[in-house]
Amino acid sequence: MSSNIKLKGRGVNRIIKSKVMLSPLAGVTDIIFRRLVRKWAPNSLLFTEMINATSLKKGYGTQKINQIDLEEGPIGVQIFDNRPYAVSEAAKQAEDSGAFLIDINMGCPVKKIAKKGGGSALIKDRKLAIELVKNVVKAVRVPVTVKTRLGWDSKEENIEDFLFKLQDAGATMITLHGRTRKQGFSGKSDWEMIGRLKKLLEIPVIANGDIKNPDDALNCLKKTNADGVMIGRGILGSPWKIGEIDYALRENKNFKEPNIEEKLYLIIEHLDELVKEKGDHGLLIARKHISWTCKDFKGASNLRNNLVRAVDKNEVKNLINKMIKTLNNKKNILA
Ligand SMILES: Cc1cc2nc3c(=O)[nH]c(=O)nc-3n(C[C@H](O)[C@H](O)[C@H](O)COP(=O)(O)O)c2cc1C
C-alpha cells in the first residue's frame with residue numbers, strides 16, 4: 001500500500017509521503033512544537049495554527065509563517081477569513097515564505113470567527129467559499145486544500161454539493177472532520193459518512209476526528225478508505241504520536257515510544273526553546289504542554305501540580321531533574 005498522496009497545484013505539484021498528518025491547532029502547532037513532532041515524523045505534512053488573513057496583511061501573526069522555509073519536511077499553512085482579497089494576499093505571502101500548500105479553514109466553529117463569515121460559516125455561504133478557493137488557486141502555484149466539517153447545523157445539508165463545488169473550484173484535497181459545526185466536539189466523528197463522501201470525490205480525502213492512536217487510524221482508514229488521517233487532540237502531550245501512527249501504518253514494528261525519563265527531558269527541551277523564542281511568555285505556553293505530557297506515571301500528578309506553579313524556567317528544570325534522579329534511584333534499587 002503506497003503512502004504517497006499526490007496533489008496538483010496550478011504550477012507546482014506536491015507529493016505527501018505519509019498518510020498521517022498533524023492538524024492545525026490554534027495555540028499549539030507553532031514552529032517549536034512542529035520541530036518536536038518532526039523528530040518522529042520526517043515525512044508527514046504538519047500544519048501551522050490557523051492564521052487570520054486580514055491580520056497577516058496588517059503585519060500581525062507573521063511569526064506564524066516566518067522560517068517555515070527553514071523547517072524540515074512539508075509544512076501546510078492554514079488561513080481563515082471571509083475576505084477573498086485578504087485570503088489571496090495572505091496565501092501569496094505564505095507561499096513566498098515556503099508553504100508546501102495552502103489550506104483554507106472552513107470548519108472552525110468558534111463564534112467570533114463564524115459570526116464574521118469565516119471558518120464553518122463558509123459551509124452556509126457556499127458562493128463565498130467557492131470564490132475564496134478560486135481566488136487562492138489563481139494567486140498561488142502550490143496546491144490549495146480545504147478543511148471542513150459535515151455540515152453547519154445537521155448532516156442533512158447536502159454537503160456533497162458543497163464538496164463537489166470545492167473540488168470544481170480547484171481544491172486539491174479535502175480534510176473532513178466528521179462532525180457538524182453545531183456538534184462542536186460532542187458526539188463521535190462520523191467515519192461512515194466520511195467514507196460515503198470519500199467515494200464521491202475525485203480528489204484525496206483526509207479523515208479527521210477521534211483518531212488518537214494506531215488502532216484508531218487503522219480502523220478509520222478501513223472504514224472510510226480515506227487517503228490519509230489527520231491527528232488533532234491525540235498529539236497534545238505526545239509529540240511522537242504522528243510518528244508512532246505512521247510507523248504502524250507502514251507495518252514497521254521498530255517504533256520506540258519515549259520512556260518516562262525521555263518524556264521529562266522532552267519537557268525541558270520544549271521549555272528551553274519556548275523561553276528562548278518567547279521570553280517569559282514561553283513559560284506560560286509551556287505550562288499547558290507540561291500538564292498534557294506529565295501524566296501516566298507514578299508521581300506524575302504531584303509533579304505536574306508543582307511544575308505548573310513553578311515561577312521560572314530553572315524551577316521547572318530543578319523539579320524535573322529531581323524526579324529523574326528519583327526514578328533512576330528506584331531503577332538502581334530494583335536492578
Ligand atoms: C486546541 C485546538 C485548536 C484547534 N485549532 C484549529 C485550527 O487552528 N484550525 C482548524 O482547522 N482546526 C482546529 N482545531 C480542530 C482540529 O484541527 C481537529 O479538526 C479536531 O480537533 C478534530 O480532530 P481530533 O479528534 O483529532 O482532535 C483545533 C482543535 C483544538 C482542540
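Ligands are counted one by one from 1 in listed order, and the atoms in each one are counted from 1 as well.
- With sequence neighbours excluded, no residue satisfies salt bridge (Lys or Arg N to Asp or Glu O under 4.0 Å) with Glu160.
- Partners of Trp152 according to the ring pair (Phe, Tyr, Trp, His ring centres under 6.0 Å) rule, which considers only residues two or more places apart in sequence or in another chain, do not exist here.
- In Glu192, the CD atom is not crowded: 12 or fewer heavy atoms of neighbouring residues, nucleotides or ligands sit closer than 6.0 Å.
- When the options Gln183, Arg179, Arg196, Lys155 are evaluated for a side-chain hydrogen bond (donor to acceptor under 3.5 Å, both in side chains) with Asp190, the one that passes is Lys155.
- Residues passing the side chain to side chain donor-acceptor pair (under 3.5 Å) test with Lys57: none are found, sequence neighbours excluded.
- Stacking of Arg149 on the aromatic ring of Phe185 is recorded, both the 6.0 Å distance cut-off and the 45° axial limit being met.
- Closer than 4.0 angstrom to ligand 1 lie heavy atoms from Ser23, Pro24, Leu25, Ala26, Met50, Gln78, Asn105, Lys147, His177, Phe185, Asn208, Gly209, Asp210, Ile231, Gly232, Arg233.
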